[in-house]
2 protein chains.
Amino acid sequence: MSPTKEDYLKILFELGGRTEQVPNKEIANRLSISPPTVTEMMNSLVKAGWVVYTPYKGSKLTQEGTDYAKKLIRKHRLWEVFLVKHLGFNINEVHPEAELLEHSTSAELADRLEAYLEFPEYCPHGGAISTDLMEEQEDMTVHLTEAVLGVPVRISRIVDEDRLLRYFENHDLKIGDRVTVTGRDSGLDLLTLNHGTTDKEIQISQTIAQYLFVEHI
Amino acid sequence: MSPTKEDYLKILFELGGRTEQVPNKEIANRLSISPPTVTEMMNSLVKAGWVVYTPYKGSKLTQEGTDYAKKLIRKHRLWEVFLVKHLGFNINEVHPEAELLEHSTSAELADRLEAYLEFPEYCPHGGAISTDLMEEQEDMTVHLTEAVLGVPVRISRIVDEDRLLRYFENHDLKIGDRVTVTGRDSGLDLLTLNHGTTDKEIQISQTIAQYLFVEHI
DNA sequence: GTTGATATTTAGGTTACCCTAATATATAAA
DNA sequence: TTTATATATTAGGGTAACCTAAATATCAAC
Ligand SMILES: [Mn+2]
Ligand SMILES: [Mn+2]
Ligand SMILES: [Mn+2]
Ligand SMILES: [Mn+2]
């Protein structure tokens, strides 16, 4: 498996490909790649047994594809923990580093690294590390867009995609922050939040709020 | 730069391409790749400014090529230290892991890793980590084949190429061991050693002994 | 100085991963 | 139900990194 193919599997998992069909366009967007390239790659992933592909509909991961993706995500998150905890990297810097390291990590190395880090439960962005907890978290967490108006919640996880992390940093949002959704404007695609700690008003786009997960306090 | 090209530069350095012309065949052997592929790659490395290539003669690294190779080797050796010291890997297992990790390591990551490891001087195979010390070591060390008969020496460094490491392990040789060359048979390509610690007789091929460096005690 | 062994290059081909332009399909609107 | 729009596929092309087979260059031995 090449780093390229591995990244396709990972993205597929992150876009819900474990349970639903993911349209090519979403993959193309996330990887900044042209749609024909995605079509081509999906056919190749089908041939290798990682994916089930329905033309014009989208792709779903097979069981093997799901397992492979979860192993990759585990490696990615383990490296992020190492980079932050031991090497003193900033939370917003580690994702691109881990994006590379994940592909150069044997199962043996991942296991030893996990033990060395004393079996952390979450990565610095709140993502679960154990492959079982990963599915659970994926099924249980609520998107910020689905939070009830006026009810305070805690940010539990940020989808760690480079552009998103910068967006959230620019809006002063962090894992663990308490926020309350105070307004929703679907026309302007806006979500208004009250930040629990600073009591400041924050406005973010609803489209992007989909990548923020929250839990009830 | 692709991992592939990076490995070519590194091999070139390891084969003495900093000071001498390295023939294509040696590169082809070390990388287990066909000679035409090497020719092709050398032309590509020339175009990128890493290498000076004389057809039918061989390749030398430019200053830029040398610097790049040394940075890569530093990353490689830092990872080996980490894998052995912190993750408990065996010395003979770490080379293939580092061979991958080196290509996924930013300058920032290498610097932080080096500080975290408390600036180690040598990798587990005795290779220098600082890029200055690296050249010095390359120029100063003596090949085991050049050691004087009957004079005890200490093994200071093993060229960490996968097949070689296994050969040396099979012959019970390790960094730090004292050995005395007791015989040399050029016809049979054999070198007879007396192992200082166990007092056992060891026979290794002269060809392979070239990859063992020793220092006087 | 010719010969022969070895090393190297040239020629031609493959697969992986990317692209744009043109065409076809699906779906939402009129 | 036609039409418009978004999405997806097909067609055709490019570069990187590999290969084998055949041609050519180098160099040491005779
Ligand atoms: Mn990440
Ligand atoms: Mn990646
Ligand atoms: Mn090594
Ligand atoms: Mn390598």
Side-chain angles (χ1 to χ4, degrees), chain A residues 1-12 15-17 20-61 65 68-69 72 99-100 102-104 186-187 189 207 210, chain B residues 1-12 15-17 20-61 65 68-69 72 99-100 102-104 186 189 207:
Chain A
M1 281 286 280
S2 67
T4 305
K5 281 210 169 68
E6 291 189 337
D7 278 337
Y8 275 91
L9 287 190
K10 243 186 40 178
I11 291 291
L12 223 31
L15 293 174
E20 273 144 62
Q21 283 186 327
V22 180
N24 284 1
K25 208 214 164 188
E26 285 190 37
I27 302 167
N29 283 346
R30 254 318 240 293
L31 289 175
S32 301
I33 243 167
S34 77
T37 303
V38 176
T39 307
E40 187 181 55
M41 182 59 76
M42 287 309 135
N43 285 315
S44 157
L45 291 174
V46 165
K47 212 186 313 178
W50 304 117
V51 156
V52 176
Y53 180 53
T54 316
Y56 293 102
K57 298 294 178 182
S59 316
K60 272 183 78 165
L61 290 165
Y68 200 113
L72 275 167
E99 200 55 58
L100 295 181
E102 63 190 2
H103 308 291
S104 310
S186 291
D189 190 42
T207 312
Q210 285 175 241
Chain B
M1 282 284 282
S2 65
T4 305
K5 281 211 170 65
E6 292 189 336
D7 278 336
Y8 275 92
L9 287 190
K10 243 186 37 176
I11 291 291
L12 223 32
L15 293 174
E20 274 144 62
Q21 283 186 330
V22 180
N24 284 359
K25 206 211 164 190
E26 285 189 38
I27 302 167
N29 283 345
R30 255 316 242 294
L31 289 174
S32 301
I33 244 170
S34 78
T37 304
V38 176
T39 306
E40 189 181 55
M41 182 58 78
M42 287 309 133
N43 285 314
S44 158
L45 291 174
V46 165
K47 213 187 310 179
W50 305 116
V51 155
V52 176
Y53 180 53
T54 316
Y56 294 102
K57 300 292 179 181
S59 316
K60 271 182 79 166
L61 290 165
Y68 199 114
L72 275 167
E99 199 57 57
L100 297 180
E102 62 190 3
H103 309 290
S104 311
S186 292
D189 190 43
T207 312

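Labels below follow one simple rule: chain letters A, B, ... track the order of the sequence lines, proteins then strands, and each chain is numbered from 1.
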To the closest 0.5 Å, what do you measure between CG (B/Leu12) and CE (B/Met41)? 11.5 Å

Spacing of B/Glu6 atom CD relative to D/dA16 atom P, expressed in whole Å: 16 Å

To the nearest Å, give me how far apart CG (A/Leu31) and C1' (C/dC18) are. 12 Å

Just checking A/Glu20: does its CD atom have more than 12 heavy atoms from other residues, nucleotides or ligands closer to it than 6.0 angstrom? no

Ignoring backbone atoms, test whether A/Thr37 places a side-chain nitrogen or oxygen under 4.0 Å from the OP1 or OP2 oxygen of C/dC17. no

What's the OH-C1' distance between B/Tyr56 and C/dA7, to the nearest Å? 9 Å

If you only use heavy atoms from C-beta on, which nucleotide in D/dC18, D/dA11, C/dC18 is closest to the side chain of B/Thr4? D/dC18

Measure from CD1 on A/Ile27 to P on D/dT9 and round the result to the nearest Å. 10 Å

Tell me what A/Ser44 touches on the nucleic acid: a base, only sugar-phosphate, or nothing, going by heavy atoms under 4.0 Å. nothing

Nearest whole Å is fine: how far is D/dA17 C1' from B/His103 NE2? 15 Å

Kindly indicate whether the side chain of B/Tyr53, heavy atoms from C-beta on, has any atom under 4.5 Å from the side chain of B/Leu45. no

Is B/Tyr8 near enough to D/dC18 that one of its side-chain N or O atoms lies under 4.0 angstrom from OP1 or OP2? yes

Of the nucleotides D/dC19, D/dA16, C/dC19, which one has an atom closest to the side chain of A/Pro36? C/dC19

If you check the B/Ser34 side chain, which of C/dA16, C/dT20, D/dT20 turns out closest? D/dT20

Quickly work out the B/Asp7 CG to D/dA16 C1' distance and round it to whole Å. 15 Å

Roughly how far, to the nearest 0.5 Å, is CD1 of A/Ile27 from CD1 of A/Ile11? 8.5 Å

With respect to the side chain of A/Asn24, which nucleotide from D/dT9, C/dT10, D/dC18 is positioned closest? D/dT9

Nearest-nucleotide wise, let me know which of A/Gly58 and A/Glu40 is further upstream toward the 5' end of DNA chain D. A/Gly58

Which one, D/dT9, C/dA7, D/dT20, comes nearest to the side chain of B/Lys25? C/dA7

OP1 or OP2 of C/dT9 sitting under 4.0 Å from any side-chain N/O of B/Thr39? yes

What's the CD1-C1' distance between A/Ile33 and D/dA8, to the nearest Å? 16 Å

Compare the minimum distances between each of C/dA26, D/dA8, C/dC17 and the side chain of A/Lys57, then state the nucleotide with the smallest one. C/dA26

Atom CE of B/Met42 to atom C1' of D/dA17: distance rounded to whole Å? 13 Å

Would you say the side chain of A/Leu72 lies within less than 4.5 Å of the side chain of A/Asp7, judging by non-hydrogen atoms? no

